[in-house]
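We're numbering straight along the sequence, starting at 1. For clarity, every value in this text was computed on a predicted model and none was experimentally measured.
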Amino acid sequence: MTAPTTATDVNQPSLEHAPPTGRRMSWPVLLLVIAGALALTSIVRLVTGADGITNVSQMSTALQLAVPIGLAGLGGLWAERAGVVNIGLEGMMILGTWFGAWAGFQWGPWTGVLVGIIGGCLGGLLHAVVTVTFNVNHIVSGVAINILALGATRYLAPLAFEGHQGGSAKQSPAVDSLGHFTVPGLSDGLSDLNDKGWFFVSDVAGLLGGLVTNVSWLTLIAIALIPATWWILWRTAFGLRLRSCGENPIAAESLGVNVYKYKYLAVIISGGLAGLGGVFLSIVANPFYLEGQTSGRGYIGLAAMIFGNWMPGGLAIGAGLFGYTDSLNLRGGSANVHALLLLGALLLVIGAIWLVIRKKYVQAVITLVIGILVWAWYAATNEVPNQVVSATPYVVTLVVLALSAQRLRMPKADGMPYRKGQGK
């Protein structure tokens with residue numbers, strides 16, 4: 001039987017209209033929620049005097065830190081939409097950092113980008129061979145790739161970098177910049193408006209200013225990959241076939257879809273995107289490879305994907321959130337995190353009120369008590385320890401996943417073993 005060419009060929013209702021575990025938020029409601037959160041943040045800024053939580057520099061740094069997380073999450077989305085769990089994103093990012101820097105310092109940064117993507121693809125190919133062809137447990141394979149990537153790059157780094165100027169056993173020579181751009185006029189105008197300190201307006205200006213000030217060209221490519229992924233996976237026959245492999249591979253095979261081929265393609269693309277995230281770290285965020293550079297961002301990217309309910313838009317919001325909390329380590333960390341304790345307390349109180357409206361009284365009381373404790377922590381201190389600042393991105397990751405767990409819907413066949421012809 002020939003492969004399907006239209007959306008109706010592969011049981012479209014089960015893919016396009018799969019029932020979520022909760023009500024999906026519409027775009028107007030989502031924008032209203034974002035505006036409300038920004039207004040609440042503005043109130044906290046005015047009360048605490050922590051202007052750094054929404055200034056242009058903070059938002060620009062948050063964007064830079066969100067990009068590798070988002071790319072890793074996007075890689076996870078491609079793999080899991082085809083039914084393959086990819087815990088190996090961290091290892092594929094590591095391969096991207098090493099290969100990108102190795103090629104970049106010798107033949108230029110754009111060559112480094114290409115070679116870094118290829119390095120990530122190699123990790124994805126290995127994961128596909130082990131999980132798809134040999135049907136090894138996906139988690140075991142992913143962990144093994146992470147360990148293998150770390151060991152391989154640690155072994156290769158001294159061989160490739162020692163003897164070159166600026167190189168060592170743990171660091172590559174410097175890579176030339178890919179270049180940055182700033183939108184003239186608009187960037188300065190938004191920065192000036194942000195400096196006014198006005199309620200809400202200045203905070204919006206800070207957010208938008210971070211998107212048009214000192215932005216890398218690779219950041220633009222990464223942002224463009226979000227809608228591109230949505231269009232390919234949800235608006236093309238190729239994407240429909242790929243997603244059918246993650247929902248019901250037996251049914252897809254019965255309709256002529258080469259399930260192995262689509263799983264292989266998805267996991268290799270997944271590795272390439274994670275590798276691109278690694279390239280960003282070793283060429284844009286820092287102009288060199290450094291051992292341990294990924295710092296668990298592959299795992300946080302996976303968390304962003306889960307937070308986004310396996311959808312590109314939600315993934316982007318999650319990556320932005322985690323990137324913002326990560327940026328607190330670099331700019332005004334202790335003061336800004338202390339101010340955000342007040343924001344967290346207010347959000348918990350609002351959450352408790354919402355739970356009361358939904359008649360979930362026990363959860364509401366627990367949420368309210370936690371909110372009061374967080375407020376007491378804020379009121380009793382003037383700053384938070386540096387250890388808390390460093391742990392903030394990971395704590396936020398766990399909290400967000402815990403709060404969003406009830407509305408998640410993963411692909412039905414995600415992580416499930418599949419053998420060709422098993423439905424016969």
Side-chain angles (χ1 to χ4, degrees), residues 57 60-75 89-124 146 148-182 210 213-225 271-298 300-301 319 323 326-327 329-331:
S57 297
S60 180
T61 302
L63 175 62
Q64 186 178 80
L65 293 173
V67 167
I69 295 172
L71 287 169
L74 206 58
L89 291 169
E90 178 77 5
M92 296 168 198
M93 286 189 77
I94 292 173
L95 293 174
T97 60
W98 191 90
F99 277 98
W102 171 72
F105 88 86
Q106 298 181 87
W107 302 300
W110 287 109
T111 302
V113 171
L114 179 60
V115 174
I117 293 173
I118 294 173
C121 287
L122 291 175
N146 292 339
L148 179 62
L150 181 61
T153 53
R154 185 171 293 178
Y155 171 77
L156 291 172
L159 301 177
F161 301 143
E162 283 186 335
H164 295 276
Q165 183 177 2
S168 68
K170 295 185 177 182
Q171 180 177 318
S172 74
V175 181
D176 292 337
S177 173
L178 289 169
H180 296 77
F181 77 92
T182 296
T213 304
N214 200 31
V215 179
S216 168
W217 294 108
L218 196 56
T219 299
L220 278 187
I221 295 173
I223 293 173
L225 286 172
L273 289 168
L276 182 59
V279 168
F280 191 93
L281 290 173
S282 62
I283 293 182
V284 177
N286 296 292
F288 49 80
Y289 162 83
L290 185 65
E291 187 177 305
Q293 200 164 25
T294 56
S295 300
R297 287 180 175 87
I300 298 179
D326 200 11
S327 71
N329 284 315
L330 303 178
R331 294 185 177 273

For the student: nearest non-hydrogen atoms of [X] and [Y], plus distance:
{"X": "Gly323", "Y": "Ile69", "answer": "N-CD1, 4.2 Å"}
{"X": "Ala169", "Y": "Ala157", "answer": "O-CB, 3.3 Å"}
{"X": "Leu178", "Y": "Val284", "answer": "CD1-CG2, 3.7 Å"}
{"X": "Val279", "Y": "Gly116", "answer": "CG2-CA, 3.4 Å"}
{"X": "Met92", "Y": "Ala274", "answer": "CB-CB, 3.8 Å"}
{"X": "Val215", "Y": "Gly210", "answer": "CG2-O, 4.1 Å"}

I'd like to know if the side chain of [X] reaches the main chain of [Y], judged simply by a donor and an acceptor atom lying under 3.5 Å from each other, with no hydrogens or angles considered.
{"X": "Glu90", "Y": "Gly296", "answer": "yes"}
{"X": "Ser172", "Y": "Tyr289", "answer": "yes"}
{"X": "Ser282", "Y": "Thr97", "answer": "yes"}
{"X": "Thr182", "Y": "Asn214", "answer": "yes"}

How many angstroms lie between [atom1] in [X] and [atom2] in [Y], if you round to the nearest 0.5 Å?
{"X": "Leu65", "Y": "Asp326", "atom1": "CG", "atom2": "CG", "result": "5.0 Å"}
{"X": "His180", "Y": "Thr213", "atom1": "NE2", "atom2": "OG1", "result": "12.0 Å"}
{"X": "Leu95", "Y": "Ile118", "atom1": "CG", "atom2": "CD1", "result": "12.5 Å"}
{"X": "Met93", "Y": "Phe280", "atom1": "CE", "atom2": "CZ", "result": "10.0 Å"}
{"X": "Leu63", "Y": "Ile223", "atom1": "CG", "atom2": "CD1", "result": "5.0 Å"}

Beyond-backbone contact of [X] with [Y], side-chain heavy atoms, under 4.5 angstrom:
{"X": "Val113", "Y": "Pro109", "answer": "no"}
{"X": "Trp110", "Y": "Trp217", "answer": "yes"}
{"X": "Leu218", "Y": "Ile221", "answer": "yes"}
{"X": "Leu89", "Y": "Arg297", "answer": "no"}
{"X": "Pro173", "Y": "Phe161", "answer": "yes"}

Query raised in the report: Can you list the steps and then say if Tyr155 with Leu159 is a side chain to side chain contact (heavy atoms under 4.5 Å, CB included)?
Result: CA-CA 7 Å; Tyr155 171 77; Leu159 301 177; 3.7 Å; yes
Report task. Using the test side-chain hydrogen bond (donor to acceptor under 3.5 Å, both in side chains), find all partners of Asn146 that sit at least two apart in sequence or belong to another chain. Result -> Tyr299
Report summary line: With sequence neighbours left out, the residues meeting side-chain hydrogen bond (donor to acceptor under 3.5 Å, both in side chains) with Gln293 are none
Report task. Quick one: do Val175 and Asn286 satisfy side chain to side chain contact (heavy atoms under 4.5 Å, CB included)? Show the steps, please. Result -> CA-CA 9 Å; Val175 181; Asn286 296 292; over 6 Å; no
Query - Cationic N near anionic O, under 4.0 Å, Arg154 to Glu291 - result: yes
Report task. Describe, in one word, how the ring planes of Trp102 and Trp107 are oriented to each other, choosing from parallel (under 30°), tilted (30 to 60°) and perpendicular (over 60°). Result -> perpendicular
Query raised in the report: Under 3.5 Å, is there a donor-acceptor pair between the Ser216 and Gln64 side chains?
Result: no
Query - Contacts of His164 that satisfy ring-ring contact (aromatic ring centres under 6.0 Å, His included) - sequence neighbours left out - result: Phe105
Requested in this report: Could you please spell out the steps behind the side chain to side chain contact (heavy atoms under 4.5 Å, CB included) verdict for Thr153 and Phe99?
Outcome: CA-CA 9 Å; Thr153 53; Phe99 277 98; over 6 Å; no
